[in-house]
Each structure stands twice: as structure tokens, then as C-alpha cells.
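Everything below concerns the one structure shown next.
Numbers restart at 1 for each chain; the letters A, B, ... are given by sequence-line order, proteins then strands. Computed from heavy atoms alone, side chains included, the values below leave out hydrogens, waters and symmetry copies.
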Amino acid sequence: MSRPELLPTRFDPTSFEGRWYEVWERSGAFTPDLPSDRSPFVIMIPPPNVTGKLHIGHALQFTLQDLVIRWRRMQGFNTLWLPGTDHAGIATQVMVERELAKEGTNRHELGRERFLERMWEWKAHYKDNISAQAKALGASCDWTRERFTLDPMLSRAVRHAFVTLFRQGLIYRSHRLINWCPRCLTALSDLEVVHKEIDGGMWDFAYPVEGGGEIVVSTSRPETMLGDTAVAVHPEDERYRHLIGRRVRHPLLDRTLPIVGDAVLVDTSFGTGAVKVTPAHDPADFATGERHGLERINILQPDGRINENGGPFAGLDRFEARKAVLQALAEHGLRRGERAHRHAVGHCQRCDTIVEPYLSLQWFVKADVLAKPALEAVRSGAVELIPDFWVATYENWLENILDWCISRQLWWGHRIPAFYCANGHTTVSEEDVTSCAECGAAVTQDPDVLDTWFSSALWPFSTLGWPAETEDMRAFYPTSVLITGFDILFFWVARMIMMGCHFTGKPPFAKVHLTGLVRDAQRQKMSKTKGNVMDPLELVQQFGADAVRFTLAALASPGRDLPLDVRRMEGYRAFATKLWNAARFVQMNLEGDELALDELEVPRLGVPERWILGELERTAQAANRAWEQFRFDEGCRELYHFVWGDLCDWYLELAKPVFQNGGGQRREPRDVRSVARGVVLEACKLLHPVMPFITEEIAAHLGAGAPLIRAPYPPGGRFADEGAARTMAALQAVVQEVRSYRHLVGLPPATQLEVVLPSLESELRRAFGELAGEIVRLANLSRLDLEATVAPPGAILDRAGGVDVAIVLPRDLVGAEEATRLGAELVKCQQELVRIQERLADEGFVARAPAQVVASSRETAAELARKVALIARTLESRG
RNA sequence: GGGCGCGUAGCUCAGUUUGGUUAGAGCGCUACCUUGACACGGUAGAGGUCUGCGGUUCGAGUCCGCACGCGCCCACCA
């Protein structure tokens with residue numbers, strides 16, 4: 001049989017990453033079987049926006065999703081990870097509009113049709129970009145099921161959902177106050193408004209009361225007084241109650257406004273206790289207006305300039321108008337004071353323009369009805385949020401949810417399926433219609449599109465063909481896990497649960513793992529303006545996809561942000577290199593006759609073999625547990641420690657003498673070769689979900705036969721060996737004790753020492769006897785005496801790993817340093833011993849603590865006492 | 001105004017749910033080592049008493065309360 005070539009000396013990820021991705025994809029491993037009798041495991045990708053390139057946050061989510069999917073695939077689940085992208089209405093339109101602006105044109109000049117062509121070109125470009133990046137990271141998505149939110153299939157789902165909700169009375173059209181972006185010229189939902197603290201002002205001015213006197217009001221937006229239609233006071237307020245029912249004169253416009261009493265709006269302790277009321281430009285005032293039947297005067301044009309209702313101020317920008325109004329009030333002698341005022345002002349999430357509360361005709365989703373089942377789904381545990389502290393946030397939002405404005409005055413998106421005729425009728429239909437359902441008159445379709453998040457909310461099932469009863473729906477819905485950032489808990493997660501429960505009767509996923517935010521090494525948010533963004537592709541180029549993935553997974557502690565430091569990534573690239581070199585070393589020593597681990601008679605193997613197999617299996621259990629619980633950090637830590645600490649530092653060192661000189665007692669060379677190869681292969685399987693590329697490359701070189709992507713994930717638990725673990729722990733402690741002394745005393749590492757283990761218990765004596773050659777090698781000894789029952793006179797005596805260790809050092813080599821260390825060690829042990837003895841002397845402790853705790857305390861005390869005695873004797877004998 | 005999270009080695013973080021060995025890891029640091037897998041390496045080591053105060057307990061980094069500091073989310077005080 002032909003043996004694979006030796007792994008190259010240099011570890012170069014770029015030499016094999018692309019090749020393996022092709023192998024996987026061609027093998028069909030990304031695509032689930034259908035039908036299948038295996039259990040499904042399904043993840044829907046949070047579709048990235050087609051706004052641009054992927055950022056490091058996407059890399060994190062792709063990594064974690066791929067990790068889980070690969071692990072489940074190896075466990076034998078019929079896995080589907082469905083990829084796709086989101087049209088991201090405003091966000092993408094803003095990008096293309098910026099491009100047009102650079103060309104000196106705009107969408108209106110282009111017209112709807114040509115503008116949309118540009119949008120689709122943009123989408124095609126960035127969609128390809130995104131897919132390529134996902135592949136570079138090793139994402140094992142099923143590309144045969146790739147979706148885009150504007151695909152015909154998903155668009156049908158959107159229309160069906162809209163029409164159904166409309167017929168159920170859960171979608172309605174209404175003339176109400178919404179958040180308006182004067183730059184984007186569209187309505188926004190409450191969530192799309194970002195509140196920022198702004199240093200603004202608060203101005204007082206007086207309204208002259210008809211028949212004499214004045215009433216002073218305060219405002220942070222003076223220009224809105226052009227739309228005031230009342231002044232409100234508290235009905236119980238002695239200062240003003242006599243004025244209720246009278247009118248004030250608008251000083252800048254030719255009209256008068258009523259003074260109304262309103263206990264809801266007015267807080268007598270705030271400001272002057274009198275409030276100007278602008279129903280068309282303030283949510284609280286809007287409600288007040290409804291209570292009192294006040295006129296609603298809109299004073300703004302869509303672009304944020306004052307309209308004809310602003311009289312002399314018409315045409316001014318809202319902020320110029322603010323100054324002009326203040327100036328005019330001053331000229332009328334009505335200004336009554338001003339002060340600095342810091343307050344939260346709403347900004348457009350996408351373009352950062354200050355938004356205005358604006359009266360307009362929009363479509364809304366009645367949210368409270370949909371919220372109830374969504375709340376119940378989480379409360380009952382049908383949907384598990386991880387970490388669970390998100391439940392409180394989720395509940396708080398859904399309990400106070402307001403209706404959701406879903407219409408957008410954009411062109412890029414799902415056109416609202418409502419058709420209007422000249423007679424004022426509305427036809428809502430899944431199919432395009434040309435005539436009114438009520439009167440047969442010609443109709444025109446609503447020019448607006450839907451909020452992007454409306455289609456995203458349907459993603460878990462619109463991607464599977466819903467509302468058609470497709471095979472995919474039956475096989476893969478509801479999905480298993482959603483992995484996404486906490487920042488879209490409301491935008492997306494909550495709404496998916498709402499829509500999923502409403503339309504399918506089932507929550508769309510069983511678990512939601514909410515990741516933190518990737519930050520820079522100084523914990524700052526990454527942003528283009530700060531220049532601290534990290535491009536995932538560049539990182540992949542520099543460190544290899546596996547190191548990037550391992551870093552992100554290792555940093556992903558639950559509920560915390562990820563401070564990403566390139567030094568950390570360098571460390572994990574070193575880990576990949578270490579694994580590579582270890583595998584190459586093992587491969588160099590193979591002879592082609594190795595057995596699989598399952599073919600070995602494990603109980604007859606040597607201690608190091610039984611020990612490393614035990615550690616392997618313990619690690620496998622730990623890894624499974626970690627992935628199960630989304631503890632990616634823990635899983636990575638376990639695997640790192642196993643490979644570097646157990647396998648490389650100890651086992652391979654213990655294998656060297658066998659590789660070089662042939663076997664010792666109970667250590668047949670072929671067994672050792674088989675174990676070394678088998679353990680590296682198993683480690684590759686364990687690591688494969690995190691580091692898919694390097695593990696495939698290594699496994700192939702070790703003759704794994706088939707790609708790891710479909711190999712069974714090691715469950716662990718087969719080879720636990722308590723005895724081997726105890727022996728190895730003692731061996732490691734003794735070896736480290738000797739090495740430590742050599743350093744301490746300042747002997748060159750090459751100096752061989754003589755060691756006596758004078759009081760070994762019989763079991764350890766036998767085990768150490770079999771490993772004497774290995775101990776001599778690891779500790780670099782001239783002689784190891786396991787038979788003597790007393791320590792040679794003048795030897796350094798200490799206790800390590802429960803074993804008395806006597807190291808024979810020439811007297812003149814023992815310096816002050818060594819005595820100091822021994823002295824310090826002695827004091828430390830004595831203090832600890834006193835602490836434990838005091839605890840043991842405490843009746844309460846002995847009586848109430850569990851027997852096991854008491855017993856282990858006694859053991860520790862005995863061990864410490866022995867150690868103290870040994871060190872004391874050493875210090876004494878060496879003067 | 002509500003709600004949430006965090007404060008553990010120089011840095012970044014585990015550990016706290018179910019209280020009990022001498023509190024861990026990576027990076028960084030110090031010393032020595034170019035030993036045929038690996039200097040993206042090896043060996044050994046220094047370094048925290050767990051933000052502070054009080055309480056519960058035989059026993060607290062771990063539970064409770066208060067304080068201080070940091071961060072985030074939600075919210076129509078004009």
C-alpha cells in the first residue's frame with residue numbers, strides 16, 4: 001500500500017485550505033439527505049446584509065455556527081445549515097444612493113426601474129463577495145439551498161404573510177405619528193431610531209392670553225410652536241386652573257389656541273407647569289390632541305423644511321427655523337429664559353440624521369396580539385435563550401411593545417401588496433390586480449415597500465418554501481438553534497418568534513445562542529472611522545482560517561464581548577503549528593503496520609499509552625459537553641491543553657525512547673506507534689469542528705482513509721484508567737521536582753543527577769520500575785534508585801506527587817538560593833498545615849462538613865506534615 | 001426613570017448556578033537551553049487573596065445586603 005507523503009516541514013495553511021473546501025463541497029457533505037431516517041439538525045444563517053463586505057462579527061458567527069454544524073454532522077445528525085443574504089432595505093439603498101451622489105445624480109433622476117437595476121447589480125457583487133468569504137472561513141453551508149430575501153419564493157411568503165395578517169386584522173393602515181428621516185425620506189420603526197444624548201437648550205417663551213396676562217411654556221424644539229394647537233395645564237393646578245377654557249394668541253401666526261386641562265400630559269412640578277401642545281410633531285402631544293379633539297397642524301415638508309403652515313418661516317430648514325422663531329419671539333418681547341439642556345435625540349440608524357415625529361399615512365402591524373405567544377414560548381422554555389439573562393430583556397420589550405410601522409418610502413424591498421382605486425377602496429392581494437375588488441375601478445399599487453425586518457421575521461420558514469407544504473418544511477422546521485448577536489434580539493429574534501408562532505404554530509427554533517460583540521484589543525467597538533476594523537479575509541491570509549476560527553471560538557465566553565487581540569491569534573497560529581509538527585513527528589515514525597485504537601488490547605499497554613488514551617477520552621467528553629452547552633471557550637481550552645500539554649509535552653516525549661531504541665517493558669513499538677497515530681487522529685477529529693482544514697490535512701497524511709467531515713465525533717469514556725492516571729501524575733511530579741532543583745541550584749541542564757525514591761508504595765514501585773528508562777530520560781538522571789528504603793545522607797529531601805524524593809547533590813553546589821527556596825517552601829507548608837489543623841480541630845467543621853471533605857482534609861494534613869518533616873530534615877542536614 | 005451585565009495575576013479572561021484540595025488559562029515578563037517534531041520551540045520561575053464594607057455559615061472569589069467604579073439596553077418629562 002502506498003504511504004502518504006510526509007507532511008511538509010513548513011506549516012502553510014494556504015497550501016491546502018482551498019483544496020479541502022472543494023473536496024467537502026463536491027462530496028455532498030454540506031447537503032442533508034432527503035428523505036432521511038436520521039434526526040435533523042438545522043441552523044438558519046442570520047443572513048448578512050448585502051450592504052458590503054463581511055466584518056469580523058460575521059466571522060465570529062460563521063465560526064460558531066460551523067462549529068456546531070460540523071460537530072452535529074459528525075455525531076450523525078442529518079444537518080442543514082442554510083445560507084443566504086438579506087436585501088437590507090434602507091441600509092443597502094443608502095449605500096447605492098451614496099454611489100449615485102458621487103456620480104452627481106440621484107435615484108429620482110434615474111427613475112424607479114433603472115435605480116432597481118443598479119440595486120440588483122450591487123446585490124450580485126456583494127452577494128458573491130459574502131459567499132466567498134464564508135467559504136474562506138470553511139463554512140459548511142448547503143449552497144444548493146442558498147436564499148436571498150427578495151427571491152421569488154421568499155417574496156411569495158412575504159405577500160402571503162402580509163395578506164393573511166391584513167385579513168386577520170393584524171395589519172392596518174393609519175394616519176399616525178411615525179419617526180421620519182428627512183434624509184432617507186422614509187418612515188422608520190421605533191427600533192430604527194437611535195437615541196443619543198445631545199447638548200441642546202431649553203427655551204421659555206410666553207403666549208399672550210386673550211383678555212390679558214400671559215402663560216409661559218418651555219420647549220427644546222422652539223420651531224414646533226408653529227404647529228402648536230393648544231396650551232395644556234394641570235386641571236388641579238391653582239396657578240392656572242382659572243385659565244382653562246380661555247384662549248391664547250399665537251404671536252407669530254394669525255390664530256388663537258385653547259388652554260386645556262390635562263392631568264396626563266402635565267406634571268405640575270416640571271418647568272412652569274404649562275405645556276405647549278403640538279399634536280402633529282410630538283407623540284405625547286398627539287395623544288393629548290386625541291383626548292381634546294385638537295387640530296393637528298403639520299409644519300414640515302418631508303425633507304425637514306418648514307411647509308406653508310409655517311407662514312413667514314416656510315421654506316426654512318428646521319434648524320434655521322429654530323433660530324428664526326427664537327429671534328421673532330425675542331422681537332415680540334416674549335422670550336422668558338433659556339438654559340442648557342442635555343437630552344436624548346432620535347437619529348436615523350442608517351444615516352445618522354436627526355429624525356422627526358411626523359404625521360403620515362403608514363401601514364402597521366398590531367404587535368401586542370403577536371407578542372403573547374412569543375412571550376409564552378420563552379417563558380415555557382420552548383425557546384431557550386442563552387445566556388438566560390436575556391429572558392428579562394426579551395420579556396420587558398415584548399410586554400411593552402407598540403405597534404410596528406412596516407411601510408417604508410423606499411424602492412428597494414418587497415412592494416406592499418395593496419392596491420388603491422380612485423373611489424378610496426383598498427384591495428390587498430397575494431396576486432397583482434388591475435381592478436378594485438369592490439368597485440372594479442382601475443387601481444394602482446402602493447408605491448412603498450416593507451420594512452426589511454418584516455421579511456427577515458419569516459426567514460426560518462420562508463427559506464424552506466412556506467406557505468407551500470414542502471418536503472423541506474416537513475423535514476427541517478422548526479430549526480434547532482439560532483446563533484446570532486444580541487444586538488438584533490428585538491429587531492429579528494423576537495419578531496421571528498412572533499411570526500413563527502403565529503404562522504406555523506411553532507416557535508422557529510428551540511435555542512437561541514446570543515453572542516457578544518467583537519471589539520478591539522482595547523475593548524473599543526470596531527468602526528471604520530476609528531480605523532480599528534479587522535478584515536476577516538486578511539486575518540485568514542495572515543494566520544490561516546483555522547487559527548482565526550480557533551481564536552474567535554476560544555474568546556466566545558457566554559454573554560461577553562470578545563476583545564480581539566492579534567497577539568492572541570498569533571498564539572493560536574502557534575497552536576496550529578504545534579499540532580502540525582507533532583503530527584509530522586508521529587508520521588515520521590510510522591511503519592505502516594499500525595493498528596486502529598479499537599484493535600488494541602488496551603489493558604495490556606504500557607502506562608503512558610493507557611494514560612494518554614484516558615486523557616483523550618476525558619477530553620472528548622469535555623469537548624462534547626462544552627459544544628452541547630455552547631461553551632466554545634471551554635471546549636477550545638480543553639483541546640488546547642490536551643494537544644499541547646498532554647500529548648506534546650508528555651506523551652510524545654515518553655514515546656521518543658521507544659521510537660528511537662525499541663520497546664521497553666510492556667511497551668511494544670507497534671503499540672506505541674499505533675497509540676501515537678491513533679491519538680493524533682482522534683485529536684484531529686475532536687478539533688475538526690473548530691479547525692477543519694488542518695485536521696483534514698493531517699488526518700489524510702496519517703492515512704485516515706476518509707475525510708473527517710463525516711467521521712464520527714469521538715464520544716469519549718472508553719479508555720478511562722485510574723491507575724495509569726495516578727502513576728503518571730506521580731511520575732510528572734517527580735520529574736518536575738528534579739528539573740526544578742537543577743534550575744534552582746544553577747546546574748546546566750545537561751548535568752545528570754542521582755535520585756532515590758526511598759519510600760515508594762509497592763504499586764508505584766512496580767509501575768515506576770517499568771518506566772525507569774523513561775524517568776531517567778525525562779529527568780536526565782545518572783541513576784534512579786527505586787529499591788533503597790532510606791535516603792542517602794545529605795541528599796535533598798522533598799515530597800512531590802505523594803512520593804518522597806531524594807536528590808543527591810554535591811554539597812558545595814547547594815547555595816543560599818536553594819536554602820532560601822526550601823525555607824520559603826517550608827514556611828508555606830507550615831502555614832497551610834496550621835490552617836488545616838485548625839480547621840480539623842474545629843468541632844463544627846468535623847461535625848457538619850461532609851465526611852468526604854473531612855477525610856480529604858486529613859489526607860492533605862498528613863501529606864503536608866510529611867513534607868514539612870522532609871524539608872526540615874534537609875535543611876538541618878545540610879546546615 | 002426603569003432593566004441588565006461587569007469589577008479575579010501586567011493585559012484579556014475562566015472559575016460564582018449545586019459554598020469545601022495550596023484560586024486557573026493564554027499572552028506578556030524573568031532565567032537557562034540552538035537536545036534530529038516544533039525557537040510559531042523546550043525547561044524552570046516570578047506574579048492575584050478574587051473592587052470595598054457588612055452579614056449568613058464550621059467554612060465565601062462562590063450566597064445575601066450596602067457602597068464605589070465601568071459598560072449596555074429600554075423609556076414621549078415639555
Side-chain angles (χ1 to χ4, degrees), chain A residues 7 9 11 177 190 195 202 217-221 224 232 265-267 269-278 282-287 343-344 357 387-390 392-393 395-397 400 486-487 489-490 517 521-523 543 547 554-555 557 559-565 567-568 570-589 631 633-634 637 640-641 648-649 652-653 656 660 736 739-744 746-750 780 821 828-829 831-833 835-836 839 842-850 852-854 856-857 859-860 863-864:
Chain A
L7 284 160
T9 314
F11 163 57
L177 265 195
D190 296 336
H195 292 273
M202 180 71 82
V217 295
S218 308
T219 180
S220 58
R221 292 187 295 155
T224 62
L265 179 72
V266 182
D267 172 357
S269 63
F270 189 90
T272 61
V275 187
K276 64 190 272 309
V277 184
T278 324
D282 182 281
D285 294 1
F286 181 86
H343 58 141
D388 61 4
F389 61 70
W390 286 111
T393 307
E395 288 184 348
N396 185 51
W397 188 71
N400 300 298
F486 69 84
D487 51 326
L489 178 61
F490 303 145
L517 232 62
Q522 281 72 46
R523 315 195 89 256
F543 299 101
L555 286 173
S557 294
R560 300 193 69 132
D561 288 344
L562 294 78
L564 182 57
D565 190 331
R567 285 181 306 178
R568 190 90 185 234
E570 283 164 7
Y572 291 126
R573 180 184 52 188
F575 174 64
T577 310
K578 185 79 178 174
L579 176 66
W580 181 269
N581 285 315
R584 196 165 62 91
F585 173 61
V586 169
Q587 193 194 2
M588 275 166 47
N589 286 286
R631 289 305 307 265
D633 56 335
E634 243 170 45
R637 210 168 31 241
Y640 184 98
H641 177 262
C648 294
D649 289 348
L652 293 183
E653 291 305 320
K656 278 178 185 172
Q660 284 158 15
Q736 283 169 333
R739 288 169 174 169
S740 179
Y741 257 98
R742 190 180 285 108
H743 271 276
L744 194 67
L747 289 169
N780 192 22
R821 181 206 104 141
K828 213 172 121 190
C829 290
Q831 285 172 344
E832 185 56 27
L833 182 58
R835 254 179 63 186
I836 296 184
R839 194 188 302 164
D842 187 331
E843 282 174 33
F845 174 70
V846 179
R848 297 185 206 200
Q852 206 186 341
V853 173
V854 177
S856 86
S857 290
E859 261 173 54
T860 309
E863 174 72 17
L864 279 167

Touch class at under 4.0 angstrom, heavy-atom based, for [X] against every strand present:
| X | answer |
| --- | --- |
| Pro850(A) | base |
| Asp649(A) | sugar-phosphate |
| Gln831(A) | nothing |
| Asp282(A) | nothing |

Options A78(B), G20(B), C38(B), nucleotide nearest the side-chain atoms of Phe270(A):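 The answer is A78(B), which lies nearest to the side chain.
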Of the nucleotides C74(B), A75(B), C38(B), which one has an atom closest to the side chain of Asn581(A)?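 Nucleotide nearest to Asn581(A)'s side chain: C38(B).
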With rounding to the closest Å, how many angstrom separate the C1' atoms on G52(B) and U43(B)? 41 Å
How far does the C1' atom of A46(B) sit from the matching atom of A9(B), given to the nearest Å?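 Nearest-Å result for A46(B) against A9(B) at atom C1': 11 Å.
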Can you find a donor-acceptor N/O pair under 3.5 angstrom joining the side chain of Lys578(A) to the base of C40(B)?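 Counting by modelled atom types and ignoring angles, no donor-acceptor contact under 3.5 Å is found here.
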Quick tally for nucleotides 21-33 of chain B: nucleotides whose base has a protein heavy atom under 4.0 Å get B, sugar-phosphate-only ones S, the rest -, giving SB---SS----S-
Less than 6.0 angstrom separating the ring centers of Tyr572(A) and Phe543(A), yes or no?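 No.
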When you check the gap from the basic side-chain N to the acidic O, do Arg835(A) and Glu832(A) get nearer than 4.0 Å? yes
List for me each residue that meets ring-ring contact (aromatic ring centres under 6.0 Å, His included) alongside His343(A), sequence neighbours excluded, and say none if there are none.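 With neighbours one apart ignored, the set is His341(A).
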